[in-house]
Protein chains: 2
Amino acid sequence: MHLQSLRLLLAVDDTGSFSAAATRLNTVQSNVTAHIKKLEAELGVRLVDRKGTVRLTSAGRALADDAERLLTIHDAAVARFRGRPADSGRLRIGAMETTLALRLPPVLAAFHAAHPGVDIALQTGPTADLVADLLEGRLDGAFICDAVPGAALYQVPAFRETLVLVSRDRLTALPPAHQLLTTAFLVFRQGCGYRHRTERLLASLGVTAVRMFEFGTLDGILGCVAAGMGYAVLPRAVVEAHRLRFDIQTLPLPPDIGVVDTLFAAPEPGTWSPALTAFAGALDQGTLAPDTAVAS
Amino acid sequence: MHLQSLRLLLAVDDTGSFSAAATRLNTVQSNVTAHIKKLEAELGVRLVDRKGTVRLTSAGRALADDAERLLTIHDAAVARFRGRPADSGRLRIGAMETTLALRLPPVLAAFHAAHPGVDIALQTGPTADLVADLLEGRLDGAFICDAVPGAALYQVPAFRETLVLVSRDRLTALPPAHQLLTTAFLVFRQGCGYRHRTERLLASLGVTAVRMFEFGTLDGILGCVAAGMGYAVLPRAVVEAHRLRFDIQTLPLPPDIGVVDTLFAAPEPGTWSPALTAFAGALDQGTLAPDTAVAS
DNA sequence: TCGCGCCGATCACTTATAATGATCGGGCGA
DNA sequence: TCGCCCGATCATTATAAGTGATCGGCGCGA
């Protein structure tokens, strides 16, 4: 059964004429006849009564009802891809813990307000895991730390974070290498972009061997820093948001290490679902959270 | 967009392989490739990721969701025609007042119990109107009085009625012609089959001119008979059902005039909707109301 | 009652598209 | 590294869609 046949059937019902239906759908009368006959043969039922005036039989009317629903769904699906981004579908988004906590709430709220029909599924994890999930199709898009070189991924800057060195005692400058060797660094587990930066920072200071304690949660890191267990490297905005709860100090880092872009990553644009297209488009135009977005 | 393309897309998603999808749907791998490529070209989006393992893109997944709904509706529609009579659709049934009141309640109740998804619309009127509505497609089927000769209608006996002469005073035989001339006959409005029978009865008695009062309702006729206004010709069962409310007498009529079949009429069987097919089938098999059905 | 015109059926034909089978090349595992 | 499996591509065939001309029936108006 071809959708075009159903379209012709509805046109015949509407116009009450094969010729008029043909004209409306830019074809010829004999073609309409052939389509209707094919439908009738396929279903083993007469659909159109041609005696006297042309009118659908009860079977034809029943099929026309189904046809209407069928074509509605079909046209909506096509419009979703070709026309304006539609308001439906699922969107699986991944993000780092810090991004989700700090940056995403307004973004997601704004997107949901603009596209209330899209179901959003969120997942958190370190950048490396998110990238793996993206590449293996378990996520539609993800907010990651720093660009992933060599991966066939669309990547666009979304937020800019300023990293600071977090400590219990106030510092006026980066501690010397010998002092860093005697303390620990509290980091997220393997795969987190911020941990990567921390290692780059230490390397730039000539420190290669340092104790690293892995944590799964932000609260764990901040709490242990406040207890004097060691240092941490985190986005300034995240630390500020928790300043009231922990007695900690921050020290800015040099820009080459301290400025980190959070990127929105997704598979190649040609593969995007309408929902993902809408999300990326909104991010790109900065309509979601202009104050935190990175100027492109 | 062809439904077959969507079917192939779902098969590719299921099996994770073009070749396997082809095998499952009894075609060849190159054909699957062509269908998917056509879909992708039509929507301007890559639907299947062939790098490494075959997997749907987010766009492909979104389309697959629509495809599933689309094919479900389509397959259900086809099954409704080709397979068992489905439990959905609309059924517009017409009947005479007397039939609706007396015979149809158990029939409709049984059908509705067997096919709860079918919406039933009832309409009453004299046989002539019902036939006209049938022929002009405003009804799917109707219960009519006596066969309609010459009409291109499927007609099958449904109920057998015994007509009686209804009067205020007890009669032992049909009144002589001269007496009939002085009283009136109370009949339904033009087009009712029972009125037709009444006229045949009078003609057989040699009475050609008699006063006829037209009524729209059964209660009106019975009330006026009870008041001595005249005679009426009605199904015995109808009169019995109202015996408690009206003080009236009945006299059997000769079988050639007194026995009337109520027929179920519909357009030619080849044009029936699934719901109508189910209804006619149930009537034909006597599964709806075996005690009142006419043996065929 | 008789044309006249409109409409759908049919047919021969053209065009488009679906399906097929063979072949090629690339990625992955042994 | 080799062999194997899988998808892309291509030439070809098969099938279906679309077209235009023509026929016949029915209704309408003269």
Side-chain angles (χ1 to χ4, degrees), chain A residues 1-43 45-57 60 67 71 74 132 135-137 150-152 268 270-271, chain B residues 1-43 45-57 60 67 71 74 132 135-137 150-152 268 270-271:
Chain A
M1 179 187 305
H2 284 192
L3 293 176
Q4 177 71 355
S5 306
L6 298 179
R7 241 179 257 284
L8 288 170
L9 180 72
L10 292 183
V12 167
D13 186 25
D14 257 20
T15 63
S17 146
F18 281 44
S19 313
T23 303
R24 175 188 292 191
L25 295 188
N26 299 309
T27 181
V28 295
Q29 169 258 323
S30 60
N31 196 21
V32 178
T33 300
H35 269 278
I36 300 293
K37 283 188 71 170
K38 185 138 181 287
L39 270 183
E40 290 179 331
E42 192 176 344
L43 298 177
V45 165
R46 193 155 200 85
L47 297 170
V48 181
D49 182 8
R50 290 92 149 172
K51 294 277 177 293
T53 95
V54 168
R55 189 182 334 111
L56 297 197
T57 65
L71 292 174
H74 169 262
L135 292 176
E136 287 164 33
E268 299 144 66
T271 72
Chain B
M1 179 186 303
H2 284 150
L3 293 176
Q4 176 71 355
S5 307
L6 298 179
R7 242 179 257 284
L8 288 169
L9 180 71
L10 291 183
V12 167
D13 186 25
D14 257 20
T15 62
S17 145
F18 280 44
S19 311
T23 303
R24 177 187 292 192
L25 295 189
N26 299 309
T27 182
V28 295
Q29 170 258 323
S30 59
N31 195 22
V32 178
T33 300
H35 269 279
I36 301 292
K37 284 187 71 171
K38 185 138 181 287
L39 270 183
E40 291 178 331
E42 192 175 343
L43 298 177
V45 165
R46 192 155 200 82
L47 297 170
V48 180
D49 183 7
R50 288 93 150 173
K51 294 277 177 292
T53 96
V54 169
R55 191 184 329 114
L56 297 197
T57 65
L71 291 174
H74 170 262
L135 292 176
E136 287 164 33
E268 299 145 67
T271 71

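Sequence lines set the chain letters: A, B, ... in the order given, protein chains first and strands last, and positions in each chain run from 1.
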Shortest non-hydrogen contact from [X] toward [Y]:
{"X": "A:Leu25", "Y": "A:Ala11", "result": "CD1-CB, 4.2 Å"}
{"X": "B:Glu40", "Y": "B:Leu47", "result": "OE2-N, 2.8 Å"}
{"X": "B:Leu3", "Y": "B:His74", "result": "CD1-CD2, 3.6 Å"}

Generate the contact string for nucleotides 7-22 of chain D. Rules: B means base contact, S means sugar-phosphate contact only, - means no protein heavy atom under 4.0 Å. BBBB------SBBB--
Yes or no on side-chain contact (heavy atoms from CB on, under 4.5 Å) for A:Leu9 and A:Val48, after CA distance, side-chain angles and deciding distance? CA-CA 9 Å; A:Leu9 180 72; A:Val48 181; 4.0 Å; yes
Give the intermediate values and the outcome of side-chain contact (heavy atoms from CB on, under 4.5 Å) for residues A:Arg46 and B:Glu268. CA-CA 9 Å; A:Arg46 193 155 200 85; B:Glu268 299 145 67; 5.8 Å; no
Judged by atom type as modelled, is there a donor-acceptor pair below 3.5 Å linking the side chain of B:Gln29 to the main-chain atoms of B:Phe18?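 Judged by distance alone, no pair lies under 3.5 Å.
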Is there a side-chain contact between A:Leu6 and A:Leu39 (heavy atoms, below 4.5 Å)?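 When only atoms from C-beta onward are counted, A:Leu39 and A:Leu6 do touch, with a gap below 4.5 Å.
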Give the angle between the helix axes at the two ends of the helix from C:dT1-D:dA30 to C:dA30-D:dT1, taking five base pairs at each end and rounding to 10°.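 It works out to 30° between the end axes.
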[X] has an atom [atom1]; how far is it from atom [atom2] of [N], in whole Å?
{"X": "A:Leu56", "N": "C:dG8", "atom1": "CG", "atom2": "P", "value": "13 Å"}
{"X": "A:Ile36", "N": "C:dT10", "atom1": "CD1", "atom2": "P", "value": "14 Å"}
{"X": "A:Leu47", "N": "C:dG8", "atom1": "CG", "atom2": "C1'", "value": "16 Å"}

Applying side chain to side chain donor-acceptor pair (under 3.5 Å), can you list everything that pairs with B:Ser5, at least two apart in sequence or on another chain?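 Side chain to side chain donor-acceptor pair (under 3.5 Å) check on B:Ser5 returns B:His35.
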